[in-house]
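Just so it is clear, the structure is predicted and the values come from calculations on it, not from any experiment. Ligands are counted one by one from 1 in listed order, and the atoms in each one are counted from 1 as well.
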Amino acid sequence: MPLRFTKMHGAGNDFVVLDRRDGAPLPDAGLLRQMGDRHFGVGFDQLLVIEPPSADGSVASYRILNQDGSFAGQCGNGARCVAHWLVTEGATDAAAFTLDSPAGPVGVRRLGERYALDMGFPYFAPDDIPLLAEAEAPLYRFPIDGVEHAFSAVSMGNPHAVFLVDSAQDAPVAHWGQALQAAQVFPDGVNVGFAERVDAGNIRLRVFERGVGETLACGSGACAAAVSLMRLGLVARHVAVHLPGGTLMIDWPDDSAPVTMTGPAERVYEGEWRHA
Ligand SMILES: N[C@H](CCC[C@H](N)C(=O)O)C(=O)O
């Protein structure tokens, strides 16, 4: 039985979208892994499963599966793509609506072909990242190749470690990204950001994503990097985050406010996967 899907991307972070609003079961994990393979399947950074809403008044809910088959708590670029998919399917014509994510409700505002999402509150030193012994809030220290490096630990509903670097382009993304996956301090793995402060209004960022590797963009990672640098007083509360696949705008008016992420979402093609 062919598997119908939509291929989408948000700033180059690419997704396969499966519509399960009818409650139909997902294919088995092995098949989904194969679907995510960029040579033997369709290929995706994450699989987004759209399901019926879990709260009154929401348009739909979504779940997030990384390429390695692990489920994630949040996906910023994916949430914009879910919103765009629902709008272009005619599931809603509202200018503002709510989606239910594993991390909680996500408020959506349509801005033409772009979407502004309420990504909730950042949690520094969140309980899914145990405090390190010598932790100096808001920075932790982590030894790599015998040298300690400071990073900011933030949860946006999924865990992030953000390193401040002189050059995102020259950052050791794969090396440090893999090193942190293996660290017992991140028992469930972690998304690793490498943030370069360009000026008070601009950050360059690369992200090694848990369950995938380096992606062209990471929405929750852009939020995590922006709020980390804002908290350190290094950038303004409205900042452009420039990732290899595109630019996202992050707003965090003050520490008691939710974080807003604004960016694009595109439908690339509809497909049928005639899997084995
Ligand atoms: N790899 C992430 C999930 C996808 C996040 C990213 N694609 C985004 O746009 O936020 C994790 O395991 O927490």
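Comment: D14 engages R38 in a salt bridge, judged by a side-chain N to carboxylate O separation of less than 4.0 angstrom. A salt bridge is defined here as a Lys NZ or Arg NE, NH1 or NH2 lying under 4.0 Å from an Asp or Glu carboxylate O, and R33 with D28 fails to meet this definition. The pair E51-R21 fails the salt-bridge criterion, with no side-chain N (NZ, NE, NH1 or NH2) lying under 4.0 Å from an Asp/Glu carboxylate O.
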Hey, can you pull the donor-acceptor pairs under 3.5 Å for the side chains in residues 110-117, sequence neighbours left out?
from: Y115; atom 1: OH; to: H84; atom 2: ND1; distance (Å): 2.8

Output a table of donor-acceptor pairs, distance under 3.5 Å, between side-chain atoms of residues 239-247 and any protein atom two or more places apart or on a different chain; print 'none' if there are none.
from: H242; atom 1: ND1; to: T247; atom 2: OG1; distance (Å): 2.9
from: H242; atom 1: NE2; to: N202; atom 2: OD1; distance (Å): 2.7

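Residues passing the side-chain contact (heavy atoms from CB on, under 4.5 Å) test with E89 are W85, R267, sequence neighbours excluded.
Protein residues with any heavy atom under 4.0 Å from ligand 1: N13, Q46, N66, A72, Q74, C75, G76, N77, N158, N191, E209, R210, C218, G219, S220.
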